[in-house]
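Chain A is the first sequence line, chain B the second, and so forth, proteins listed ahead of strands; every chain is numbered from 1.
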There are 2 protein chains.
Amino acid sequence: MKLTRRAARPTLKQLAEEAGVSIGTASNILSGKTQLHSPETVERVLSVARQLGYRPNRVARSLAARRTHTVGVVVEPQHAVFTRNPYVTAVLDGVVDSLTPRGYHLKIITLSDLNPRTLWHQIDDGTVDGVILVAPLIGSPLLDYHAHTQLPCVVVGSTLPESLGFYCIDADNEAMMRLLTEYLIGMGHRRIGFVKGPDNQWSAQQRLQAYLSAMDAHGIRVDAEWIAPSNYEYSGGLAAAQQLLEVRPRLTAIIASNDMVALGVLDACVQRGVRVPTDVSVVGFDDVPLAALAKPPLTTIRIPIHDIGLEAAQALLHQIEAGETLRGARLVQGELIVRKSAAPPRKAKA
Amino acid sequence: MKLTRRAARPTLKQLAEEAGVSIGTASNILSGKTQLHSPETVERVLSVARQLGYRPNRVARSLAARRTHTVGVVVEPQHAVFTRNPYVTAVLDGVVDSLTPRGYHLKIITLSDLNPRTLWHQIDDGTVDGVILVAPLIGSPLLDYHAHTQLPCVVVGSTLPESLGFYCIDADNEAMMRLLTEYLIGMGHRRIGFVKGPDNQWSAQQRLQAYLSAMDAHGIRVDAEWIAPSNYEYSGGLAAAQQLLEVRPRLTAIIASNDMVALGVLDACVQRGVRVPTDVSVVGFDDVPLAALAKPPLTTIRIPIHDIGLEAAQALLHQIEAGETLRGARLVQGELIVRKSAAPPRKAKA
DNA sequence: ATGAAAGCGCTAACAT
DNA sequence: ATGTTAGCGCTTTCAT
């Protein structure tokens, strides 16, 4: 047990020398294959490691083993502001919860530009064993994924067409939006407005279609002016509601295609003295944490976003470790959360 | 220009052969040192790279160059739920905005346990060039940082004692809380309650002290029951307010030590029929995006969290690239944002 | 049970 | 201007 110079970080080689074993032996023992060696050797190596403060260099390990134990979460520029994106944040939480206990690490890949020339260098650069694509957009170069890389991948938050060859985990947007629309219809609403999301979001399209088809199924003609666009954010809800509140005769309900938008709609109502739900019902989608805190508390569809992130990471690790490629879509069901922002229309009440 | 087998990912060596140059030449050219070589060679190498779909293996590059171009953001377990932590989220946004344009990558290091034996393996494993410590807690093993690693580091969201040897970027909690308290006092409030943050948060302690000393400076005796604890979250604000609303004679104002807590306080008031700001003034701290959306909109202190994250990343990159070690604290000033949740006490009004 | 040796794919001297 | 070579720190056969 002689004194060790604490100059630079010790390497495996130094450790092995100090312990009087070969570098291969040290490697085995430190990566858990202890049953291959005699108890005394194991003990000696471990104790020298402790004493030296040895820490394996994960970069070297990754290079040699061709495994990084890291997964990348790829975020489109449009989503990259976490502060405004409770959805991405919740997915991230789920991913972390799944990765951490399994010893995997997390790299955030925020695409600065979508230049197809450099895009794949950022994603498939050898530093990750697989990636999670968060809500890729319609028309995104990311959809060309399989033409550019073999990296295991799972998509979250967008249900992509089968033909693209992805494995997607997402809310069942259509079923859930149908449920929500029919909830309102069942209450007696007929003149129901809709604030749609960005045209380049798959989920936005699916939610819109489901609304449209539910209305149609109930024989309700949807006027073009009942539909207003938004950016899926608070500001978009605010603006959209200004427009929808002008419609005459009045809409009795407004479906916002996500909660942030619904919060904007709510505030627009307050600003114009429109009472919710007395004058107009407002509902959201996702059930982000803020939804319950809204005034009034938002009736919405709860999507288990955290669990989706969790499951996505699990599916990815499975692909990585089993070397098996998943395909198709896993549609996760949500549930209607009835709070205070929706009520039967006044006419029906009276 | 013959056909290339698209079997496995091409390596530098293959590329070099294909282009008829040495591996060193190829390396130089692909890492931008093009002026060392003849234009024809450069062109040839680049074109072969394009044609082969060559992507450098960043792991190998990192090992050889001993630079990963990656920074780690270290998050304590207590903060690790992004969904509930607008502060961390905002810091992250700032960090990303600073890193991405500079070609650095981001690794999220969420500590699962704080076992001092394995802690440093997670942080200093060769995969990052430096780290940002997000709001390390009082008593955290992270504070032993410098005894365990030489990795460049900057601390964000905690102003640590100088003696610990860190470079910290943080809000000037004391000055800002003094400002806030004096704003209330200046309005005529005397009986001002305080919802403190967790005892293991530096910022919480600093904010509490500043409140105490501001009150003292104005000759106001603070009763122990005017102070309630919280977890810095909505739920904590809710609970704390229940308690503070019982104080007799009544408090005329409540300072929440951050915005999430203030939102809880606001809701507790609503639940008990206490009007804000008519019956009691409520103020927050941080100015997270939700603060403006609260009912009523929250009077608070704006902390430029995003900029703090941005600056932290910049300071870190500076240390990494210049090899220079920073120390001490950079205190960032905020500003009072007057909205609707605070007003003079009724007595003073009448 | 242990050691020796050949890489993993790249960078960076150094040589030419 | 280009090529050669010695690693970076580790994993993993393959011998012994």
Side-chain angles (χ1 to χ4, degrees), chain A residues 7-46 48-49 52-70 103 105 121 124-129, chain B residues 7-46 48-49 52-70 103 121 124-129 151:
Chain A
R9 249 170 83 159
T11 68
L12 230 207
K13 189 170 158 205
Q14 287 166 28
L15 189 165
E17 271 168 18
E18 198 94 357
V21 298
S22 79
I23 178 173
T25 300
S27 171
N28 281 337
I29 291 174
L30 288 171
S31 32
K33 295 165 194 152
T34 57
Q35 76 289 3
L36 295 180
H37 298 272
S38 79
E40 307 85 67
T41 314
V42 171
E43 185 39 56
R44 187 150 30 92
V45 169
L46 256 25
V48 171
L52 242 45
Y54 172 74
R55 281 198 287 274
N57 180 325
R58 191 178 297 277
V59 172
R61 181 176 276 187
S62 296
L63 181 60
R66 264 148 295 180
R67 282 291 307 280
T68 63
H69 283 269
T70 299
H105 300 220
H121 294 232
D124 185 5
D125 61 1
T127 61
V128 297
D129 291 339
Chain B
R9 251 169 82 158
T11 67
L12 230 207
K13 190 169 158 208
Q14 287 165 27
L15 190 165
E17 273 168 17
E18 198 94 356
V21 297
S22 80
I23 178 173
T25 300
S27 172
N28 281 338
I29 292 174
L30 288 171
S31 34
K33 294 165 196 154
T34 58
Q35 76 289 2
L36 295 180
H37 298 271
S38 79
E40 307 85 68
T41 313
V42 171
E43 186 39 56
R44 187 149 32 92
V45 168
L46 257 25
V48 170
L52 243 45
Y54 173 75
R55 283 197 285 275
N57 181 326
R58 192 180 296 276
V59 172
R61 182 176 275 186
S62 296
L63 181 60
R66 262 148 296 179
R67 282 290 308 280
T68 63
H69 282 269
T70 298
H121 293 233
D124 184 5
D125 60 1
T127 62
V128 297
D129 291 339
L151 267 186

Check: Once you round it to whole Å, what is the distance between P of D:dC8 and CZ of B:R66?
Finding: 6 Å
Item checked: Between P of D:dT13 and CG of A:N28, the distance in whole Å -> 11 Å
Checklist line | Between D:dT12 (C1') and A:L36 (CG): distance, integer Å | finding: 12 Å
Next item on the list: Using whole Å, report how far CZ of B:R9 lies from C1' of C:dG9.
Entry: 10 Å
Margin query: Need one value for B:V21: base, sugar-phosphate or nothing, where a base atom within 4.0 Å counts as base even if backbone is also close, heavy atoms only.
Written below: sugar-phosphate
Next item on the list: Please figure out whether A:T11 or B:R44 has its closest DNA chain D nucleotide nearer the 5' end.
Entry: B:R44
Check: Is A:T41 touching bases, backbone alone, or none of the nucleic acid, heavy atoms closer than 4.0 Å?
Finding: sugar-phosphate
Check: Rounded to whole angstroms, how far apart are CD1 on A:I29 and C1' on C:dT2?
Finding: 10 Å
Note to self: Check whether A:T68 reaches the backbone of A:T127 with its side chain - one donor and one acceptor, N or O, closer than 3.5 Å.
What the structure shows: yes
Next item on the list: Ignoring the backbone of B:S22, work out which of C:dG9, D:dT2, D:dT11 is nearest its side chain.
Entry: D:dT2
Margin query: Is there a side-chain contact between A:K33 and the phosphate of D:dT11, meaning an N or O under 4.0 Å from OP1 or OP2?
Written below: no
Next item on the list: State, yes or no, whether a side-chain contact exists between A:R58 and A:H105 at a heavy-atom distance under 4.5 Å.
Entry: yes
Item checked: Check: A:T25 and A:I29 side chains under 4.5 Å, non-hydrogen atoms -> yes
Checklist line | Closest to side chain of B:L63, choosing from D:dT4, C:dG9, C:dA1 | finding: C:dG9
Check: B:S38 near the nucleic acid: base, sugar-phosphate alone, or nothing, with a heavy-atom cut-off under 4.0 Å?
Finding: sugar-phosphate
Notebook entry, point to check: Within the pair A:R61 and D:dT11, is there a side-chain N or O less than 4.0 Å away from OP1 or OP2?
Noted result: yes
Checklist line | Side-chain heavy-atom pair B:L30, B:L15 within 4.5 angstrom cut-off | finding: yes
Notebook entry, point to check: Considering only side-chain heavy atoms of B:A65, which listed nucleotide, C:dT11, D:dT11, C:dG3, is closest?
Noted result: C:dT11
Notebook entry, point to check: Taking only side-chain nitrogens and oxygens of A:Y54, does any of them come within less than 4.0 Å of OP1 or OP2 of D:dG9?
Noted result: no
Checklist line | Which nucleotide in D:dT2, C:dT2, D:dT12 has an atom nearest any side-chain atom of A:H37 | finding: C:dT2
Next item on the list: To the nearest Å, give me how far apart NZ (A:K13) and P (D:dT12) are.
Entry: 20 Å
Margin query: I'd like to know if B:D125 pairs up with A:R55 as an ion pair, taking the criterion as any Lys NZ or Arg NE/NH1/NH2 lying under 4.0 Å from an Asp or Glu carboxylate oxygen.
Written below: no
Margin query: I need the CD1-P distance between B:I23 and D:dC8, as an integer number of Å.
Written below: 17 Å
Next item on the list: Side chain of B:A64 only, please: which of C:dT2, C:dG9, D:dT11 is the nearest?
Entry: C:dG9
Check: Please give, in whole Å, the distance from C:dG9 P to A:D124 CG?
Finding: 13 Å
